[in-house]
2 protein chains.
Amino acid sequence: MMRRATIYSIATTVGVSPSTVSRAFSRPEMVKSELRERIVATARDLGYSPNRAARGLATGRTGVIGMLVPDVENPFFPPLIRAVQDAARDKDAELLLIDSELSSTAEQELVDRIRPQVDGLIIASPRLPSKRLHEVLDGIPAVIVNRSMRSLPGVVCDNTPALQEIADHLHHLGHRRIALLRGPRAAWAATHRAKAVRTWAEAKDVELIELRPFEAQFADGRAAAQQVVASDASAVFAFDDLMAAGVISGLSELGKSIPDDLSIVGCDDVLLAQTMTPSLTTVSAPFTELGRASVDSLTELLAGNTPRTVTLPGTPMLRGTVGPARA
Amino acid sequence: MMRRATIYSIATTVGVSPSTVSRAFSRPEMVKSELRERIVATARDLGYSPNRAARGLATGRTGVIGMLVPDVENPFFPPLIRAVQDAARDKDAELLLIDSELSSTAEQELVDRIRPQVDGLIIASPRLPSKRLHEVLDGIPAVIVNRSMRSLPGVVCDNTPALQEIADHLHHLGHRRIALLRGPRAAWAATHRAKAVRTWAEAKDVELIELRPFEAQFADGRAAAQQVVASDASAVFAFDDLMAAGVISGLSELGKSIPDDLSIVGCDDVLLAQTMTPSLTTVSAPFTELGRASVDSLTELLAGNTPRTVTLPGTPMLRGTVGPARA
DNA sequence: GTGAAAGCGCTAACAC
DNA sequence: GTGTTAGCGCTTTCAC
């Protein structure tokens, strides 16, 4: 397995200087087209591909974007990762993925570790206190996803209108007593979504039972089923789809059937919302746009500009878990 | 935003030479402990973290592992990614994630692009013909996941005993006519799983209806529901959990209820298998071990050894989608 | 045990 | 348009 080709080996075989080879790739317009073609051709023959780490050392730009997520296994993230990766590819950048495994203490260390290897960071850190997050991100260009902070450019999804639209739908179906399963106390999205439902309920004079903040895991949803039944609500807003799946599972164990006995609404429209039977009524997050906007904002940031926070709307998806309130 | 600390800035403030600082980090035992501690301390003060790209340039080792998956959104991959990332972290390596988006034509290009930035590759490419794959991976240390090839070290999950155990269970429950939803024709796992079921069925003298290879997407499972009903089978083995969810959805639309009318078995035990109601009977893939084994094999490879293919067993998970055959 | 110097592959002034 | 040179941050002989 022979040594990989470099601009030097190409330079030698073509009979030009290394800088010309370099330019042929990074500033094609600066080298005469006939020469450039010869260079590119032999580069291909030699199986050359530029060493971006070396380029990064020289330019200060690595061409890699770091993406930090709290938990790859949470179904919210794969579509987001996909979207970011797509957008990054369009900008000729690679994706370094970091999973902090829900440990905010690890985040600082992780960020420090990768700092020199990335141009910037796209970070989803729902729980870390703003102040800490700000410290963690000190000195590294970063855009934060699904969370709004004054000090950092962000990309968020506004689910308020969609949630309220679904709420209206529930109202039409006769639901007058609704349970709300709050997400994690410290999570921006949880607060935001809860407020949307609360505001609506107050305006509509609907009874809203707020169940205490939960970790947003399937098991938490399952565990909440008891309380939902006890609350005597006929419909429930879960913080996200995963919790919604959890309540459904828990309710089913208690002999309740969906949507006949209770209506359930999730949020995000992740894969399992679509694959469960019946499929879940939820709010669809614009993953592709979120990803693209994140990368765009980061690009802006790297260019020295100051991107504003981007807000993208969720879309209501009326599906099988919502039905008329039981008489 | 001041320039990041380097071994030089540390060297200056401590009053030693850059090489000593370098050694303090990469060969701690070579520098007197008192000095080393001073160096480490001021490094911390200055917020230093080593530039691994530079280190990579010097050593030829980047400290990053590339992971290529066909589709991050397929629920099989997030747990695998998580596991690989964990194992990589233990070895002090980062993860560069590449999603080929099911396009095998793109794979060559993607691999070439990242080749210089990674030490090696962990690749899940279920469909690319072996010969092509071998070419694509030419000259880059790689281990392949969930696929067995003579020319490449691999890590695979053997689901045969688990599937047959579940099949036995079905047999006890009275199932004598079983449908098999094959996965993608070119996929190693699909062939392997199909054989497991087929062999069992022949031995048990059970009627097996093999439905033509499908893409392993939810929609394909849904579309297969018709054929399942037409086949008059009382139980179905789906290629994977996603397809299983699909058939369930399709069957439910046709008025069939699970497991009363039909029993369904998936494979892999991805998140949605656990979150659906009823939860899916399936074979649990040892994600953590698969990830660790992949990284271990790659490490071996990088050390110049020739790792054998690792085979890890799946575990049967009897859950809610299997019941007695209808009389 | 520590320092000096060369080099990893590339880019970017600066010359020509 | 193209070549020369220095330097990005680090490791690694080779001296001392």
Side-chain angles (χ1 to χ4, degrees), chain A residues 2-40 42-43 46-64 92 94 112-119, chain B residues 2-40 42-43 46-64 92 94 112-119:
Chain A
M2 86 182 183
R3 199 162 201 64
R4 298 206 54 72
T6 71
I7 51 169
Y8 291 95
S9 49
I10 298 175
T12 317
T13 84
V14 177
V16 294
S17 88
S19 15
T20 304
V21 177
S22 169
R23 285 193 273 259
F25 289 101
S26 34
R27 285 167 159 48
E29 71 282 1
M30 290 189 68
V31 26
K32 211 161 48 180
S33 59
E34 187 263 343
L35 217 200
R36 171 166 25 96
E37 278 155 26
R38 259 172 62 216
I39 294 177
V40 171
T42 72
L46 268 47
Y48 170 78
S49 74
N51 183 327
R52 311 178 119 226
R55 175 182 294 178
L57 245 201
T59 59
R61 279 290 169 72
T62 63
V64 0
D92 207 51
E94 310 298 338
D112 285 344
R113 271 174 66 83
I114 62 161
R115 194 191 294 260
Q117 353 186 21
V118 300
D119 291 334
Chain B
M2 84 179 185
R3 200 158 199 67
R4 298 208 53 74
T6 71
I7 50 170
Y8 291 95
S9 49
I10 298 175
T12 318
T13 84
V14 177
V16 294
S17 88
S19 9
T20 305
V21 177
S22 170
R23 284 193 273 258
F25 289 103
S26 35
R27 285 167 159 48
E29 71 284 0
M30 289 190 67
V31 28
K32 212 161 48 179
S33 60
E34 187 262 344
L35 216 201
R36 171 165 26 94
E37 277 156 26
R38 259 172 61 217
I39 293 177
V40 170
T42 72
L46 268 48
Y48 170 78
S49 73
N51 184 326
R52 313 178 116 227
R55 176 180 295 179
L57 244 203
T59 59
R61 279 291 169 75
T62 63
V64 1
D92 208 52
E94 311 298 337
D112 286 343
R113 272 174 65 84
I114 63 161
R115 193 191 295 262
Q117 354 186 19
V118 300
D119 291 334

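Protein chains get the first letters and strands the later ones, always in sequence-line order, with residue 1 at the start of each. Just so it is clear, the structure is predicted and the values come from calculations on it, not from any experiment.
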Between N or O atoms, less than 3.5 Å apart, protein on one side and nucleotides 7-10 of chain C on the other: list the pairs.
| unit_1 | atom_1 | unit_2 | atom_2 | d |
| --- | --- | --- | --- | --- |
| C:dC8 | O2 | B:Leu57 | O | 3.4 |
| C:dC8 | O2 | B:Ala58 | N | 3.1 |
| C:dG9 | N2 | A:Ala54 | O | 3.1 |
| C:dC10 | OP1 | A:Tyr48 | OH | 2.6 |
| C:dC10 | OP1 | A:Asn51 | N | 3.2 |
| C:dC10 | OP2 | A:Ile7 | N | 2.6 |
| C:dC10 | N4 | A:Tyr8 | OH | 2.8 |

ask   = Would you say the side chain of B:Gln117 lies within less than 4.5 Å of the side chain of A:Val64, judging by non-hydrogen atoms?
value =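 Yes - at least one pair of side-chain heavy atoms lies under 4.5 Å apart.
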
task = Please lay out, stage by stage, how B:Phe25 and B:Ile39 fare under the test side chain to side chain contact (heavy atoms under 4.5 Å, CB included).
result = CA-CA 9 Å; B:Phe25 289 103; B:Ile39 293 177; 4.3 Å; yes

Nearest whole Å is fine: how far is [N] [atom2] from [X] [atom1]?
X: B:Ile10; N: D:dC10; atom1: CD1; atom2: C1'; answer: 12 Å
X: B:Met30; N: D:dA15; atom1: CE; atom2: P; answer: 16 Å
X: B:Glu29; N: D:dT11; atom1: CD; atom2: P; answer: 13 Å

key: Euclidean distance, B:Lys32 NZ relative to B:Arg38 CZ, rounded to 0.5 Å   =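 It comes to 10.0 Å.
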
ask   = With no hydrogens and no angle check, is any side-chain donor or acceptor of A:Thr62 less than 3.5 Å from a backbone partner on A:Gly56?
value =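 Not at all, since once roles are kept as given, no pair shorter than 3.5 Å links the two residues.
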
Short side-chain N/O contact to C:dG3 OP1/OP2 from B:Thr20, under 4.0 Å = yes

Do [X] and [N] have a side chain to base donor-acceptor pair shorter than 3.5 Å?
X: A:Arg36; N: D:dG1; value: no
X: A:Ser19; N: D:dT4; value: yes
X: B:Arg23; N: C:dG3; value: yes

5′-ward residue of the pair A:Pro18/B:Val16 relative to DNA chain C = B:Val16

request  = Name all residues meeting the side-chain hydrogen bond (donor to acceptor under 3.5 Å, both in side chains) criterion together with B:Glu94; count only those two or more places apart in sequence or in a different chain, and write none if there are none.
outcome  = A:Arg113

ask   = Can you name the one residue among B:Arg61, B:Arg52, B:Arg55 that meets salt bridge (charged side-chain N to carboxylate O under 4.0 Å, His left out) with B:Asp92?
value =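 With B:Asp92 as partner, B:Arg61, B:Arg52, B:Arg55 yield a single salt bridge (charged side-chain N to carboxylate O under 4.0 Å, His left out), made by B:Arg52.
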
